[in-house]
Protein chains: 2
Amino acid sequence: MDIPRYRKIQNMLKSKIQQGSYGVGDHLPSENQLCSIFNITRTTARKALEELQKEGFIERIKGKGSIVRERRKSLGLLNVKGFSEAVGRNVSTIFLQEPALRPWITGFPFPLTDSERQSPCIHFERLRTVGEDPVMLENNWFSGKTLPGFLQSGFEEDSFFKTLSKKYMIEIKGSEQELKALPANEKVSRLLKVKPSGPVLQISIRFTTCNPEFFIYSELICNTMKYPIGNRYFL
Amino acid sequence: MDIPRYRKIQNMLKSKIQQGSYGVGDHLPSENQLCSIFNITRTTARKALEELQKEGFIERIKGKGSIVRERRKSLGLLNVKGFSEAVGRNVSTIFLQEPALRPWITGFPFPLTDSERQSPCIHFERLRTVGEDPVMLENNWFSGKTLPGFLQSGFEEDSFFKTLSKKYMIEIKGSEQELKALPANEKVSRLLKVKPSGPVLQISIRFTTCNPEFFIYSELICNTMKYPIGNRYFL
DNA sequence: AAAACATACTTGTACGTACAAGTTATTTGA
DNA sequence: TCAAATAACTTGTACGTACAAGTATGTTTT
C-alpha cells in the first residue's frame with residue numbers, strides 16, 4: 001500500500017466515531033494502547049490522533065486522553081470534502097448546469113494563472129437542498145486541460161471530490177476563502193427561496209491540490225437563515 | 001523557560017515573515033539547516049514548520065521545501081489572535097460599552113455551562129474601523145468569576161487576548177464558529193454605515209481555552225462590502 | 001476525616017536513526 | 001547534442017528512547 005500507516009488508523013478511528021462506536025465524550029484508546037493494538041510506535045499513533053484533532057473530531061488533553069467532540073449539525077465550512085458527509089443523508093443535489101466547457105467568467109475573486117486563462121474552463125452549477133429547503137447554490141470552475149475525459153464520464157458516488165480522488169488522483173491540499181454577505185439577486189432569491197435582496201452568504205473558495213498548477217474555484221451562495229455555516233478550529 | 005523549543009523557533013520564523021525578511025515565494029531554511037542553526041533535532045525543526053503551516057504562513061512541498069505563502073489583505077477569520085496584527089496598523093477601536101458585569105443575554109447561539117449561568121458575565125462592546133470605514137461591531141462575553149481584577153485594570157497593549165495571556169495565562173486553544181448573513185437592524189446600520197436591512201455577516205464564536213471550564217463568546221457583525229472576511233486552511 | 005504522598009496512568013517535548021520519495025542540477029554515456 | 005543516470009538536496013514516514021508534566025486514584029500519614 002502507499003497509504004501511510006497513521007492515515008489508516010486515523011480513518012479507522014474516524015469511521016468508528018462517525019458510526020457511533022465512540023460517542024461524544026468517550027475516550028479513544030490512548031497512544032500506548034494504539035501502539036500495542038496496531039503494533040506501531042507512539043510516533044505513528046500520535047500522528048493519527050493529531051490528524052483527527054486537526055479535523056475537529058477529537059480533543060486531546062494532557063493527562064486525560066483523546067476525547068470525542070460534539071459533532072456540528074450545520075454545514076461544515078472548511079471541511080475539505082464537500083458537505084454530503086458532513087450534514088447527513090437527507091441531502092439532494094440538482095444540476096442546474098451540467099459540466100461543460102465554458103469561458104471563464106469575468107470578475108472572479110481570485111486571480112487566474114496564465115495557463116488557466118489560455119483555454120476555457122469546465123464549469124457546472126448545482127443546487128443543494130436539505131429536506132425541502134434549498135440551502136446552497138454551488139458553482140465550480142477549473143481548467144479544462146487537466147482532467148481528460150471528465151465531461152464524458154459521470155461522477156463517482158455523486159461526489160465531485162471523490163471523482164477527483166479516484167479517477168485523477170487529485171487530492172485537496174488546502175483552500176483560501178473569502179466571505180461576503182450580499183443581497184440576493186433575482187435568480188438567487190428564486191432558487192434559494194429568500195426574499196428579493198434578502199441577505200445571503202457568498203463564499204468564494206480557491207482549492208489548492210496536490211498538482212500545484214491545478215486549482216478548483218468554487219462559489220457557494222448560502223441561505224443561512226435555517227442552516228447557518230459552521231466551522232471549528234483547534235490548535 | 002517553559003516555552004517549548006519548537007515554539008520559539010516557530011515564533012522567530014513567523015516574525016521574520018511578518019517583518020518581510022522572508023518574502024512571498026521565498027524558501028525558509030530547510031529542516032536540516034534549522035537543525036544545525038539552532039542545534040536541535042529534525043523532530044523539533046519539523047514541529048516548528050508544521051505549526052507555521054497550520055497557521056497558513058508557509059506551504060511545505062515534498063522535495064522542494066517550506067515556501068512563504070501570499071499574505072491575505074482581508075481580515076483573518078480563524079486567526080485566533082484577534083485582528084490587529086492581521087490587517088495592518090490603520091486600525092482603530094472604539095469602546096461602545098466598557099467592560100462591566102452584566103447579565104448573560106438570552107438567545108446565545110452556543111449553550112452556556114451550568115457554572116457560567118449561575119453568575120453574571122463580563123461584557124464589552126467595541127467598534128473596529130479601518131481608516132474611516134467602520135468594519136466590525138464586536139461583542140465579547142465571558143464568565144465573571146474566572147478573571148479576578150479584570151474590571152479594575154486596563155488592557156495590555158490594547159489587546160484583549162494579550163491581556164488574557166499575560167495577566168491570566170489563558171491561551172486560546174480553539175474555536176467554534178457559526179456564520180449567518182443577516183439584514184442589519186437600526187443600530188448596526190447606523191454604526192457600520194450600511195443601509196437599513198442591508199446584508200451584514202454575523203460570526204458567532206465560542207473560544208475554548210487552556211482552562212477547560214472557561215470559554216469566551218464573541219459576536220462579530222461585519223460590513224463585508226469593502227472588507228470581505230478571508231481565511232485559509234492547509235493540510 | 002482530611003491532608004499529604006505515592007503510583008499509575010495520560011499527553012507533550014525532544015532526542016536520535018533510518019529509509020522512502022519527490023525535485024533539481026550535474027554528470028555521464030550513447 | 002541529447003537523453004539517461006547520478007548525486008545532492010528536499011520533505012514524509014516510521015522506527016525507538018527518555019523524560020517532563022498534567023490527571024486520577026489510590027494509600028499513607030496526620
Side-chain angles (χ1 to χ4, degrees), chain A residues 1-11 13 22 25-54 57-69 169-171 173-174 208-214 234-235, chain B residues 1-11 13 22 25-54 57-69 169-171 173-174 208-214 234-235:
Chain A
M1 290 287 195
D2 54 346
I3 297 172
R5 287 189 149 191
Y6 77 85
R7 195 163 289 280
K8 285 185 196 165
I9 289 152
Q10 169 194 352
N11 289 336
L13 292 170
Y22 295 110
D26 285 0
H27 283 66
L28 256 47
S30 75
E31 296 174 358
N32 285 319
Q33 284 171 330
L34 289 176
C35 291
S36 45
I37 292 171
F38 295 105
N39 251 295
I40 54 177
T41 52
R42 232 190 105 203
T43 316
T44 309
R46 275 184 72 76
K47 182 79 177 166
L49 293 170
E50 279 165 0
E51 291 294 313
L52 286 172
Q53 183 180 31
K54 268 202 226 176
F57 285 96
I58 61 170
E59 197 169 359
R60 282 160 66 64
I61 302 174
K62 190 201 271 197
K64 285 191 175 174
S66 300
I67 298 157
V68 176
R69 289 191 48 85
M169 314 246 282
I170 286 177
E171 299 292 339
K173 296 208 79 170
T208 55
T209 69
C210 54
N211 176 346
E213 307 292 324
F214 184 65
F234 286 98
L235 247 55
Chain B
M1 289 290 193
D2 55 342
I3 297 171
R5 287 188 152 194
Y6 76 85
R7 196 162 287 280
K8 285 184 195 168
I9 288 152
Q10 169 195 352
N11 289 335
L13 291 170
Y22 295 111
D26 285 359
H27 282 66
L28 254 48
S30 76
E31 296 174 356
N32 284 319
Q33 283 172 331
L34 289 176
C35 291
S36 44
I37 292 171
F38 295 106
N39 253 294
I40 53 177
T41 52
R42 232 188 105 205
T43 317
T44 310
R46 276 185 71 78
K47 182 79 176 164
L49 292 170
E50 279 164 0
E51 291 293 315
L52 286 172
Q53 183 180 30
K54 269 202 224 173
F57 285 97
I58 62 171
E59 197 169 359
R60 281 159 65 67
I61 303 175
K62 189 202 267 198
K64 284 189 175 175
S66 300
I67 297 158
V68 176
R69 291 192 45 86
M169 316 246 281
I170 287 177
E171 300 291 337
K173 297 208 79 168
T208 56
T209 69
C210 53
N211 177 346
E213 308 291 326
F214 183 63
F234 287 96
L235 251 55

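Values below: every heavy atom of this structure, side chains too, minus hydrogens, waters and symmetry copies. The chains referred to below are lettered A, B, ... by the order of the sequence lines, with proteins before strands, and numbering in each begins at 1.
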Working to the nearest 0.5 angstrom, can you tell me the gap between [X] [atom1] and [Y] [atom2]?
{"X": "B:I37", "Y": "B:I9", "atom1": "CD1", "atom2": "CD1", "answer": "9.5 Å"}
{"X": "B:R7", "Y": "B:D2", "atom1": "CZ", "atom2": "CG", "answer": "11.5 Å"}
{"X": "A:T44", "Y": "A:L49", "atom1": "OG1", "atom2": "CG", "answer": "11.0 Å"}
{"X": "A:R5", "Y": "A:F38", "atom1": "CZ", "atom2": "CZ", "answer": "11.0 Å"}
{"X": "A:R69", "Y": "B:T208", "atom1": "CZ", "atom2": "OG1", "answer": "6.5 Å"}
{"X": "B:K47", "Y": "B:Q10", "atom1": "NZ", "atom2": "CD", "answer": "9.0 Å"}

Pairs under 3.5 angstrom, nitrogen or oxygen only, protein versus nucleotides 14-16 of chain C, please.
from, atom 1, to, atom 2, distance (Å)
C:dA14, OP1, B:R5, N, 2.4
C:dA14, OP2, B:R5, N, 3.4
C:dA14, OP2, B:Y6, N, 3.3
C:dC15, OP1, B:R5, NH1, 2.4
C:dC15, OP2, B:T41, N, 3.1
C:dC15, OP2, B:T41, OG1, 2.9
C:dC15, OP2, B:T44, OG1, 2.4
C:dC15, O5', B:T41, OG1, 3.4
C:dC15, N4, B:T43, OG1, 3.2

Original post:
With sequence neighbours left out, what residues match A:T209 under side chain to side chain contact (heavy atoms under 4.5 Å, CB included)?
Top reply: A:I170, A:I172, A:N211, A:F214, A:I216

Original post:
Looking only at heavy atoms, which two atoms of A:H27 and A:K64 are closest? And how far apart?
Top reply: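 A:H27 and A:K64 have their closest heavy atoms at CD2-O, 3.8 Å.
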
Subject >> Over all atoms of both residues, closest heavy-atom pair of A:L28 and A:V68 >> reply: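 The answer is CD1-CG2, 3.5 Å.
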
Subject >> N/O (side chain, B:R60) to phosphate O (OP1/OP2, D:dG12) under 4.0 Å >> reply: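 Looking at the OP1 and OP2 atoms of D:dG12, one of them is under 4.0 Å from a side-chain N or O of B:R60.
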
For [X] and [N], what is the distance between atoms [atom1] and [atom2] respectively, to the nearest whole Å?
{"X": "B:E50", "N": "D:dG12", "atom1": "CD", "atom2": "P", "value": "7 Å"}
{"X": "A:N32", "N": "C:dT11", "atom1": "CG", "atom2": "C1'", "value": "10 Å"}
{"X": "A:D2", "N": "C:dA20", "atom1": "CG", "atom2": "C1'", "value": "12 Å"}
{"X": "B:E31", "N": "D:dC9", "atom1": "CD", "atom2": "C1'", "value": "12 Å"}
{"X": "A:L28", "N": "C:dT10", "atom1": "CG", "atom2": "P", "value": "13 Å"}
{"X": "A:Q53", "N": "C:dT10", "atom1": "CD", "atom2": "P", "value": "17 Å"}
{"X": "A:R46", "N": "D:dT17", "atom1": "CZ", "atom2": "C1'", "value": "14 Å"}

Original post:
Can you tell if the side chain of A:P29 reaches within under 4.5 Å of the side chain of A:Y22, non-hydrogen atoms only?
Top reply: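 A side-chain contact under 4.5 Å exists here.
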
**OP:** Would you mind reporting whether A:L34 and A:L13 have side-chain heavy atoms less than 4.5 Å apart?
**Re:** yes

Nucleotides 6-8 of chain C: which of its N/O atoms have a protein N/O under 3.5 Å away?
none

Output one line per pair: protein atom, nucleotide atom from nucleotides 21-26 of chain C, and distance, for all N/O pairs under 3.5 Å.
from, atom 1, to, atom 2, distance (Å)
C:dG22, N2, B:G63, O, 3.2

Subject >> Sequence-distant partners of A:E31, side chain to side chain donor-acceptor pair (under 3.5 Å), two or more places apart >> reply: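 Residues passing side chain to side chain donor-acceptor pair (under 3.5 Å) with A:E31: A:R42, A:R46, A:R60.
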
Original post:
Does the side-chain contact (heavy atoms from CB on, under 4.5 Å) test come out yes or no for A:T43 and B:T43, once each step is laid out?
Top reply: CA-CA 10 Å; A:T43 316; B:T43 317; over 6 Å; no

Show the distances under 3.5 angstrom between N or O atoms of the protein and N or O atoms of nucleotides 3-8 of chain D.
none

